Amino acid sequence: MTKHFDVLIVGAGVAGVGMASHLTKECPDLSYAVLERRANVGGTWDLFKYPGIRSDSDMYTFGYGFRPWGGTKVLSDGPGIRQYVEDTAKEYGVFENIRFGRKVLTAKWSTPDTRWTVEALDESTGETETYTATFIVGCTGYYNYDQGYSPEFPGAADFKGQIVHPQHWPEDLDYAGKKVVIIGSGATAITLVPNMADDAEHVTMLQRSPTYIMAVPANDPLSSVLSRTPVPQFLVRRASRLSYITIQRALYDFCRTQPRIAKKLLLTDIRRRVGKNVDMRHFTPSYNPWDQRLCVVPNGDLFKVLKNGKASIETDHIKSFTETGIELKSGKHLEADIIITATGLNVQVLGGVQVEVDGMAVSTHDRVLYKSVMVEGVPNAAIVLGYTNASWTLKTDLAAEWVCRVLNLMRRKGYSQAVAHAKDGDRAEYSLMGGALSSGYIQRGDWAMPRQGTRAPWKAQDNYLLDIPLLRHQSLKDDVLEFSR
Ligand SMILES: Cc1cc2nc3c(=O)[nH]c(=O)nc-3n(C[C@H](O)[C@H](O)[C@H](O)COP(=O)(O)OP(=O)(O)OC[C@H]3O[C@@H](n4cnc5c(N)ncnc54)[C@H](O)[C@@H]3O)c2cc1C
């Protein structure tokens, strides 16, 4: 039996629940459903279970603008974020519109019918269901849920201990009293080190190259002070959010325009925290701050375990795994009972959904996004992706608002189709995310990511303050986005 909705959302993570909440608020007359592959909301925050899993963005900007994060904790643990997404879904009546356990396989647009036909697999029964919709929104995040990224390490089969990827964490993993080596230098590795160090015999973080790391206060001074005054809670939340929007952008701009000073300040603070016995080479990347995502650690937790010797860092290359650990190119051998490959994600766009427009397959790699939301040449479809150089949600919130504006205009004027047309020269060679960051996973994912635009309205601005006028206020009518009946 085919089910029809005005809008179909794919994915019930932070972005999908946000999109659905915006629809509830701003397009109350439209019917919608959310198709979610997992059994729960939260996406990333439901999938990752490793010790200490937490945000590395402040929650004041990572939370939704329409339901700001409360409390004084700057970073939240994973379960806290998942709960926040679930509470939002319940408060906005989204929860009952989510069909869990549905993996969307294909989405096919028919111009004569002006509608999408979407095929979803119920992975528990193996049965497929068919949905139709006037508009479709992909909120599937940017990586493959089935398999994390792990390079092939020579000799891996010889290792007698356990090899674990953080994306597939065994909930019963016992590392108490064991020697742990964590391969990686990103947010996941630097979260794992202090969180495993107390129980493990020793934790070694093995990195090929260093990352910029900054200590942030675990509790927000502004909301801590304001919470003790008679200022109403909603104002405290707004004030904290505003302050972090400003701080986040100012820090990013400062790092980009004054890289030498930024580098000096970051390294001086680390030196002060780790003490004299830790080699600063491990914290000194070859690139400038914010060429890749700047990692943060609450109250410098990582630096504390390095200083007290519960953990250490090696900057080296792997020669091969051995029966008892890892042999490095320098000749050193790291003993390990458990090796954790915090080596990243496999980028995937639209959760692997095969998209067709009038029988022609659409490759996201060849397309550019209009206002970084609508795929060129694909009618009535949006992809809601967040920022990589700021909190993801700042952008997904704005993108969702914009989609609601388009839907309301279509409804008011009786349009059945909206499609953005790009011209030659509108697409850059590099990907949408490749302009802002040079991180490995973004380079590996270039094959799948849409292209960056070369000029307005195609060029992703990666700047919340510039995207507010673009997505919230600018007229929907221009010579690029074509509406028709
Ligand atoms: C460990 C980790 C920590 C992170 N920390 C931060 C941070 O601190 N700050 C920040 O800004 N960003 C962070 N990110 C990026 C993070 O992924 C986003 O911030 C955000 O949670 C993504 O939300 P999303 O809803 O867009 O995608 P996701 O969280 O990936 O959710 C996508 C949803 O779509 C579903 N889905 C996918 N394909 C299909 C399909 N074919 N059919 C049906 N459903 C499908 C998935 O099951 C999932 O529920 C982090 C990422 C990781 C992996």
Side-chain angles (χ1 to χ4, degrees), residues 1-10 16 19-35 97 104 106-120 130-139 350 353-364 366-385 398-424 426-427 450 453 455-458 469-485:
M1 207 166 64
T2 302
K3 301 154 186 87
H4 182 80
F5 295 94
D6 293 320
V7 184
L8 262 186
I9 298 168
V10 187
M19 180 70 237
S21 304
H22 276 282
L23 277 177
T24 309
K25 290 186 306 120
E26 289 139 44
C27 309
D29 297 332
L30 296 185
S31 63
Y32 74 86
V34 185
L35 302 180
N97 295 323
V104 176
T106 59
K108 298 178 180 174
W109 170 259
S110 157
T111 301
D113 302 329
T114 47
R115 66 175 46 186
W116 286 96
T117 301
V118 169
E119 212 88 75
T130 306
Y131 295 82
T132 56
T134 312
F135 207 100
I136 187 168
V137 188
C139 296
L350 282 175
V353 178
Q354 306 287 316
V355 179
E356 282 182 18
V357 172
D358 295 327
M360 301 285 285
V362 174
S363 153
T364 46
D366 303 330
R367 309 275 172 136
V368 60
L369 300 186
Y370 172 77
K371 297 192 174 176
S372 42
V373 187
M374 267 189 111
V375 190
E376 65 158 297
V378 182
N380 294 12
I383 297 184
V384 172
L385 289 168
L398 280 179
E401 260 182 62
W402 185 83
V403 170
C404 289
R405 288 180 65 209
V406 169
L407 289 167
N408 282 334
L409 178 83
M410 291 174 75
R411 191 174 165 81
R412 242 184 3 256
K413 301 277 186 187
Y415 296 131
S416 54
Q417 182 170 304
V419 60
H421 299 286
K423 296 195 186 77
D424 286 346
D426 285 337
R427 296 169 211 89
R455 53 189 169 226
W458 303 99
L470 181 81
L471 294 166
R472 191 175 283 166
H473 302 300
Q474 205 174 78
S475 167
L476 294 171
K477 296 277 180 92
D478 59 19
D479 54 1
V480 175
L481 185 60
E482 184 200 2
F483 291 96
S484 54
R485 293 187 178 89

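Nothing here was measured: the structure is a model prediction, and the numbers come from that model.
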- Once you round to the nearest 0.5 Å, how far does CG of Leu369 lie from CZ of Arg427? 11.5 Å
- Message: Measuring only between side-chain heavy atoms, which start at C-beta, is Thr106 closer than 4.5 Å to Glu356?
- Response: no
- Query: Looking only at heavy atoms, which two atoms of Asp478 and Pro457 are closest? And how far apart?
  - Reply: OD2-CG, 4.5 Å
- Non-hydrogen atoms of Ile9 and Gly16 that approach each other most closely: CG2-CA, 4.0 Å
- Query: Between Glu26 and Arg405, is the closest basic N to carboxylate O distance under 4.0 Å?
  - Reply: no
- Task: Apply the test side-chain contact (heavy atoms from CB on, under 4.5 Å) to residues Thr134 and His4: give CA-CA distance (whole Å), side-chain angles for both, the deciding distance (0.1 Å), then the verdict.
- Result: CA-CA 8 Å; Thr134 312; His4 182 80; 3.7 Å; yes
- Message: Quick one: does any side-chain atom of Asp358 pair with a main-chain N or O of Thr111 as donor and acceptor, under 3.5 Å?
- Response: yes
- Contact summary for Cys139 and Met19, nearest pair of heavy atoms: SG-CB, 4.0 Å
- Nearest 0.5 Å, what's the CG-OH distance between Leu407 and Tyr415? 14.0 Å
- Query: Between Glu119 and Thr130, do the side chains contain an N or O donor and an N or O acceptor separated by less than 3.5 Å?
  - Reply: yes
- For Ala120 against Leu35, the heavy-atom pair lying closest together: CB-CD1, 4.3 Å
- Message: As a test of understanding, state which of Phe135, Tyr131, Trp109 forms a ring pair (Phe, Tyr, Trp, His ring centres under 6.0 Å) with Trp116.
- Response: Trp109
- Query: What are the two closest non-hydrogen atoms of Val118 and Val104, and how far apart are they?
  - Reply: CG1-CG1, 3.6 Å
- Message: So Ile136 and Val10, do their side chains get closer than 4.5 Å, heavy atoms only?
- Response: yes
- Message: If I take atom CG from residue Leu23 and atom CD from residue Glu401, how far apart are they, to the nearest 0.5 angstrom?
- Response: 12.0 Å
- Task: Check the angle between the aromatic planes of Tyr370 and Trp458 and answer parallel, tilted or perpendicular using the 30° and 60° thresholds.
- Result: perpendicular
- Query: Can you check whether Ser110's main-chain N or O pairs, donor with acceptor, with Thr114's side chain at less than 3.5 Å?
  - Reply: no
- Message: Looking at Glu376 and Arg367, is any side-chain nitrogen of the basic one under 4.0 Å from a carboxylate oxygen of the acidic one?
- Response: no
- Distance only, no hydrogens: is a donor on one side chain within 3.5 Å (strictly under) of an acceptor on the other, for Gln354 and Lys108? no
- Item | Value rounded to 0.5 Å, distance of CG in Asp6 from CZ in Arg115 | 9.5 Å
- Task: Mind checking the NZ-CG spacing from Lys3 to Leu8? Nearest 0.5 Å is all I need.
- Result: 11.0 Å
- Message: Just verifying a value: how many Å separate Ser475 OG and Leu409 CG, rounded to the nearest 0.5 Å?
- Response: 8.5 Å
- Minimum-distance pair of heavy atoms, taken over all atoms of Val419 and Val378: CG2-N, 3.9 Å
